[in-house]
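Remember, it's 1-based here, ligands and their atoms both numbered in the order they're listed. Just so it is clear, the values below take in all heavy atoms, side chains as well, and ignore hydrogens, waters and symmetry mates.
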Amino acid sequence: MDRLSSSARVMIVSDLDHTMVDHHDSENLSLLRFNALWEAYYRHDSLLVFSTGRSPTLYKELRKEKPMLTPDITIMSVGTEITYDTSMVPDEGWVEVLNQKWDRNIVMEETSKFSELKLQAETEQRPHKVSFYVQKDKAQEVMKTLSDKLVKRGLDVKIIYSGGMDLDILPQGAGKGQALAYLHKKFKTEGKLPQNTLVCGDSGNDAELFTIPEVHGVMVSNAQEELLHWHAENAKNNPKVIHATERCASGIIQAIGHFNLGPSISPRDVMDSSDSVPENFEPGHDIVRFFLFLERWRRAEMEYSELYLAGLKALSFPSSAFVHPSGIEQSILDCTNALRSSYGDEQGKQYRVWVDQVTTTEIGSNIWLLKFNKWEISGDERRGCIATVLLSSKDLSPSEGFTWVHMHQTWVDGAGAKDHTDWVC
Ligand code: GLC
Ligand code: MG
């Protein structure tokens, strides 16, 4: 994890199901609000960590279903698998820690004696995690008896109940909290302990995240009874943990504001883009703002006005070129024309645009090179491209934003891309 050369300004460690991802929000609006906030103001100097109970298989499925960002670190299978970067390189050191006092076969043997335990899908059985379903009213008793039996067999395990149905058995040293403590220790050794850490969760397996020293925590408004109960018993007087009044990702944004961790107004909450210029102007914000404009324009959520197009033209170099993902080079005039005719063409469809992994490098004085992935969904269709943009801030005050010098986009997957003739910019 070498993306940042110094301490992260903020590290967000968030659970996915019912925390970052709201399964009751079919338009994914709170997730998209978070995405825009993160890419505009945090991606360049902060760390995003997803910590989920899901195995790699189910995690990848969720990524296909929902407009999720790419995290810097992914912790899966309830803190038993830590991986880094997009290529998801596993942390071998963590595997060694988990091998202590762990014997999967003994766990299988003892659990098979409980008729109340129903084994979960094969994908969810992992080297350091054995998972079952158990009814709510049976859970406490089963956990107690099973725990005694496993101790007698010489194992030191952790049994966690989540979501009022899932029972996970892990090595004692595993779990979401222990995995975070391990990361903190690792960052500290490298002299890169994040300045602030915010942990976010909704269910039983998230409880231990809130026990890590120094972290801020948010239980989203829709948190499960078992987490609220744990909090009431163990962390009630800790001012660093709040129970948000908002659901899922909106609750995370609320906590960012509550703990003053940085900007907490998502560009998606700002209708007039000129109001949204923060004090520390970030090039990433320009990218987010531009594609949000494109979304609102095509959804006809803003009024048609030639002034917007003139404004865009004014913010581009006269000789700017935009290479469309199909390989066609467009002048700023071609782009403006394409925009003009695309006004409202996605009206009434579930059309959304978001950017992911915006990286910014100041490659010369007042010249910025940005790279990111841009995604669009329209109804059930989803497509993406890798984009490179050159921005210049020469002769401009920060409030005027940046001048767009060049943009080049390439389809993420070549397949079928030729058919996307309705791609505007
Ligand atoms: C996820 C996993 C499941 C686990 C649950 C609670 O749903 O897929 O195996 O039991 O999280 O940790
Ligand atoms: Mg959850």
Side-chain angles (χ1 to χ4, degrees), residues 12-25 28 30-31 34 49-66 68 71 74-82 98 104 107-108 111 114 116-136 138-139 142-143 146 157-172 174-180 198-210 217-231 243-244 246-252 255:
I12 288 196
V13 182
S14 179
D15 167 52
L16 295 177
D17 295 287
H18 310 289
T19 303
M20 185 58 82
V21 174
D22 190 345
H23 293 282
H24 299 284
D25 176 4
N28 304 304
S30 63
L31 181 55
F34 176 85
V49 182
F50 286 163
S51 186
T52 177
R54 290 182 179 235
S55 62
T57 309
L58 289 193
Y59 168 64
K60 284 174 194 153
E61 270 179 29
L62 187 64
R63 289 185 60 81
K64 278 191 220 141
E65 284 163 27
K66 295 283 180 183
M68 289 160 59
T74 317
I75 306 175
M76 291 163 293
S77 311
V78 199
T80 63
E81 300 181 61
I82 303 180
L98 299 187
R104 236 184 151 273
V107 175
M108 293 310 291
T111 48
F114 287 75
E116 302 90 334
L117 292 174
K118 194 171 165 292
L119 204 61
Q120 288 185 13
E122 194 53 44
T123 58
E124 301 317 281
Q125 313 304 334
R126 305 293 297 162
H128 298 97
K129 168 176 173 283
V130 184
S131 295
F132 299 89
Y133 296 118
V134 63
Q135 280 176 11
K136 229 176 186 172
K138 309 261 171 60
V142 170
M143 282 164 78
L146 179 62
V157 301
K158 187 179 262 178
I159 307 179
I160 306 178
Y161 193 55
S162 305
M165 59 192 267
D166 298 315
L167 187 132
D168 302 312
I169 305 169
L170 325 167
Q172 185 60 250
K176 292 186 176 189
Q178 299 293 99
L180 172 57
L198 172 67
V199 302
C200 322
D202 78 298
S203 85
N205 68 13
D206 301 314
E208 42 173 72
L209 284 172
F210 299 92
V218 54
M219 302 182 292
V220 288
S221 67
N222 50 295
Q224 291 279 336
E225 190 186 305
E226 76 247 350
L227 181 64
L228 297 175
H229 184 234
W230 173 89
H231 175 254
H243 183 191
E246 302 214 31
R247 292 179 61 81
C248 302
S250 295
I252 301 177

inquiry  = Restricting to non-hydrogen atoms, name the atom on Leu31 and the atom on Lys66 that form the minimum distance, rounded to 0.1 Å.
reply    =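 Looking at all heavy atoms of both residues, the closest pair is CD2-CB, 4.3 Å.
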Counting non-hydrogen protein atoms only, what is the nearest one to [atom]? Give residue, atom name and distance.
| atom | result |
| --- | --- |
| atom 11 (O) of ligand 1 | Gly53 CA, 3.5 Å |
| atom 3 (C) of ligand 1 | Gln120 OE1, 3.2 Å |
| atom 8 (O) of ligand 1 | Glu124 OE1, 2.6 Å |
| atom 4 (C) of ligand 1 | Asp168 OD1, 3.4 Å |
| atom 7 (O) of ligand 1 | Asp166 OD2, 4.1 Å |

In terms of atom number and element, which parts of ligand 1 are under 4.0 angstrom from non-hydrogen atoms of [X]?
| X | value |
| --- | --- |
| Val78 | 12 (O) |
| Ser131 | 9 (O), 10 (O) |
| Lys129 | 3 (C), 9 (O) |
| Arg54 | 1 (C), 2 (C), 8 (O) |

ask   = Can you give me the OD2-the Mg ion (ligand 2)-OD1 angle for Asp15 and Asp202, to 10°?
value =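 Answer comes to 80°, rounded to 10°.
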inquiry  = Quick check: Asn205 and ligand 1, any N/O pair under 3.5 Å apart?
reply    =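 Yes.
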With rounding to the nearest 0.5 angstrom, report the [atom1] to [atom2] distance, [X] to [Y].
| X | Y | atom1 | atom2 | result |
| --- | --- | --- | --- | --- |
| Leu119 | Thr111 | CG | OG1 | 7.5 Å |
| Ser77 | Ile82 | OG | CD1 | 11.0 Å |
| Glu81 | Leu98 | CD | CG | 9.5 Å |

ask   = Backbone N or O of Ser30 within a donor-acceptor pair of the Asp25 side chain at under 3.5 Å?
value =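 Such a contact is found between Asp25 side chain and Ser30 backbone.
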request  = Please find the N/O/S atom of Asp17 nearest to the Mg ion (ligand 2) and write down its name.
outcome  = O
inquiry  = Salt bridge check, Asp15 against Lys176: does any charged N sit closer than 4.0 Å to a carboxylate O?
reply    = yes
query = Would you say the side-chain atoms of Ser55 and Glu124 include a donor-acceptor pair closer than 3.5 Å?
reply = yes
inquiry  = Classify the ring geometry of Trp230 against Phe210: parallel below 30°, tilted from 30° to 60°, perpendicular beyond 60°.
reply    =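 Aromatic pair Trp230/Phe210 classed tilted.
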